[in-house]
Amino acid sequence: MINYLEPIYLIYIFLFVFGLCGMLASRNLIRKIFAMSIMQTSVILFFVSLAYKVKATVPIIHDHLHHNNNSELYVNPLPHALMLTAIVVSVSTIGVALSLVFSIYKTWDSLEEDTVLERMMD
Amino acid sequence: MYSLIIIILIFTCIYAVSSLFVRDLISAILILSCYSFSLSLLWAILGAVDVAFTEAVAGAGALTIFMIVILFHTYHTARKHSFDRYKVFAFIIGIPIAMFLIWGSKYLPSFGSMHTPASDYLSPYYITQSYNDTHTPNIVTAILADYRSFDTLIETVVIFTAGIACLLILKVTGLHSTLITALFTKTNKISCTLVHPHKSIIVNTVTSILIPLTMLYSLYILFHGHYSPGGGFQAGILFGSSIILAFLEGTHPLRNKITLFKMVVLGALGVLLYATFGLVSVLQNGNFLNYRFLLIPGMNDAQKHSLGILGIEVGVFIAVSCTLVVIFLALIRSQNERKPL
C-alpha cells in the first residue's frame, strides 16, 4: 500500500475516464468505437503493469537446466496470458461493432447519432 | 526505466486525445494505430512481450484495416459540434468516476514492487514448475494453452461467433442459398470482388512479395510459440492479414481460391480441432483437455503436454485467421450491395 499518488496510475485513470467521456460525448458512431477501444486498452495497461516487477525479465525461461526456483527473476506471466486473449477478442468484437454501425448507415444514411435519431422519429 | 515508461505514456495520452479531436476520421484511424504501436512499445518495456506482439499485430494492424474498410464507403469527416448537453452529461458522469478511481488507486501496490498480491500466490508455481510440467520455456504459452486451456477454448469460440455475428448483422446475401449448393456443386459464386481492383503496379509488386513472406513468418511464429513470444493468436492474425492483402491486389491468384463459405467452414473446423484434443483425453478416461492422456507411445508426460499445446495452437491459428477473413469479406461484400435511402 502506498500513501502517495503513483503518476502511472493517474495516467491510466485519465485514459479510462477520457475513453468513457469520449463514448458519451461524441456524436459520431465511429468515434464512439475509437473511444471504446481507448477505454479497453487502459484496462489492459493496468493489468499488465500489475504484473511488472523491477529487476525481472520477460517470462521465457532461458536456461532450464540451471533454472532455480526463484520466482522473482521473471515478471508475473498470468496477467499476460489473460490480456493476450482480451486483445484478440476485442478486435473481433470491434469488428461486430463496426458491422452494426455499417448496417445503421445502410438504413439511415448517416453516422451522426442525432441525425439518425431524427430520421427514426420521422 | 521509469522515466522512459512515463515518456511513452505521455505520448500515448497525446495520441489518444488527438485521435478523438481530429475531424478527419481517416487521420484519426492512423493516429489510433500510432497509439497501438506506442502501447506495444510500452508492453515490451514492461516485460509483456507476448502482449506487445499481439497488440502490434492486432491493434495496429487488423483493427486499422477494418476501420478503413468501413470508412471507405461511408464519409470520413465528422461533423463539428459546439459545447452542448452531451458533453456536460459526460463531465457529470466522468469526474465522479475519476475521483472514485483515484481514491481506489491509493490502496494499490506501488508500481514494480516485487511482492504484490497478484504475483505472490499462483504465479510462483507457474514460473517455477511450468517447464517441468509442460516442457515449454515460454510460460505465457504454457498458461494460455495448458493451465487455462478452458478459458482459451471459450475465447476461440467467442472470436468465431463474432465472425458469424458480422455475417448475420450485415445480412450478407448469397451465403444462405449457396451454403447448401456449395456443398454439392463447385460454383465459385461467393468469391468476393472488391469494387475497383487496383491496376497499380506498385501495389501489385509489393503485395506479391509481401504475401508469401507474411505467411511464412506467421507459420514460424505458430510453430516457434513454445520458445519465443508468439503462438496461435498472433500467427492467426498475421496469416489472416496476409490473405486480406491478397484482396487488396487486383489480380492475385489467391482471390479466386478464397471464398466466404470456405472460410466459415475452416474457422469452425479450427474450433473443432481444439475441442477434439480435449475429447481425445476424455476418451482415455482423463479430464477434458488434459494432454497427459493423449495416446502417444514413447513420450513422457511433459512432452505430451508440449505436443498438446502445439495441437490446440494450430486450432486457434485456423479459427482466428479464418474469422479475420470472414469479418473483412462481410464488411467488403455488404458495401458492394449498398442501397442508399
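By convention in this document, chain letters (A, B, ...) are assigned in the order of the sequence lines, proteins followed by strands, and residues within each chain are numbered from 1.
Between the CG atom of A/N28 and the CG atom of B/L25 there is a distance of 5.0 Å, given to the nearest 0.5 Å. Here CD1 of B/I127 is found 8.5 Å from CG of A/L73. Values are rounded to the nearest 0.5 Å. With rounding to the nearest 0.5 Å, the separation of CG in B/L71 from CG in A/L98 is 8.5 Å. To the nearest 0.5 Å, atom CG of residue B/L144 and atom NE2 of residue A/H80 are 12.5 Å apart.
With B/D50 contributing its side chain and A/L84 its backbone, the two residues share no donor-acceptor pair below 3.5 Å.
Taking the side chain as every heavy atom from C-beta outward, B/I5 and A/S49 never approach each other to under 4.5 Å. The side-chain heavy atoms of A/V91 and B/F66, taken from C-beta on, include a pair separated by under 4.5 Å. For the pair A/I13 and B/S105, the minimum side-chain heavy-atom distance is below 4.5 Å. At a threshold of 4.5 Å between non-hydrogen side-chain atoms, the residues B/Y86 and A/E113 count as touching. Residues A/C21 and B/I93 are not in side-chain contact: their nearest non-hydrogen atoms beyond the backbone lie 4.5 Å or more apart. Contact check for A/Y9 versus B/L101: no side-chain heavy atoms found under the 4.5 Å cut-off.
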| field | Stepwise side chain to side chain contact (heavy atoms under 4.5 Å, CB included) test for B/F233 and A/I87 | value | CA-CA 10 Å; B/F233 284 104; A/I87 294 172; over 6 Å; no

| request: Begin from the C-alpha positions of B/M67 and A/I33 and carry the test side chain to side chain contact (heavy atoms under 4.5 Å, CB included) through to its verdict. | output: CA-CA 10 Å; B/M67 301 249 190; A/I33 295 177; 4.1 Å; yes

| field | A/L50/B/T116 under side chain to side chain contact (heavy atoms under 4.5 Å, CB included): CA gap, chis, key distance, verdict | value | CA-CA 8 Å; A/L50 275 188; B/T116 59; 6.0 Å; no

| task | List the steps and the verdict of side chain to side chain contact (heavy atoms under 4.5 Å, CB included) for B/R148 and A/L82. | result | CA-CA 9 Å; B/R148 299 188 66 92; A/L82 300 178; 3.5 Å; yes

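The heavy-atom pair separating B/R23 from A/R31 by the smallest distance is CA-NH2, 3.6 Å. The minimum heavy-atom distance between B/S123 and A/P77, with the atom names listed, is CB-CD, 4.2 Å.
No hydrogens or angles considered: nothing links the side chains of B/S119 and A/N76 as a donor-acceptor pair under 3.5 Å. Using modelled atom types, one finds a donor on one side chain and an acceptor on the other under 3.5 Å when comparing B/Y35 with A/T41.
Heavy atoms from other residues, nucleotides or ligands lying under 6.0 Å from CE of B/M99 number 12 at most.
Contacts with chain A were tallied for B/I237, B/T156, B/T152, B/I29; B/I29 has the most, counting heavy-atom pairs under 4.5 Å.
In this structure, chain B has heavy atoms under 4.5 Å from both the backbone and the side chain of A/I38. Contacts of B/V17 with chain A are made by both backbone and side-chain atoms, with heavy-atom separations under 4.5 Å. Looking at B/L32, only its side chain comes within 4.5 Å of chain A, counting heavy atoms on both sides. Using a 4.5 Å cut-off between heavy atoms, A/A35 touches chain B through backbone and side chain atoms alike. Heavy atoms of A/I94 lying under 4.5 Å from chain B belong exclusively to its side chain. No part of A/T57 comes within reach of chain B, as not one of its non-hydrogen atoms sits under 4.5 angstrom from that chain. Interface remark: A/V54 contributes backbone and side-chain atoms alike to the contact with chain B (heavy atom separation under 4.5 Å). When heavy atoms are compared at a cutoff of 4.5 Å, A/L100 approaches chain B by way of both its backbone and its side chain.
Between B/F21 and A/F18, the two ring planes are tilted [angle within 30° to 60°].
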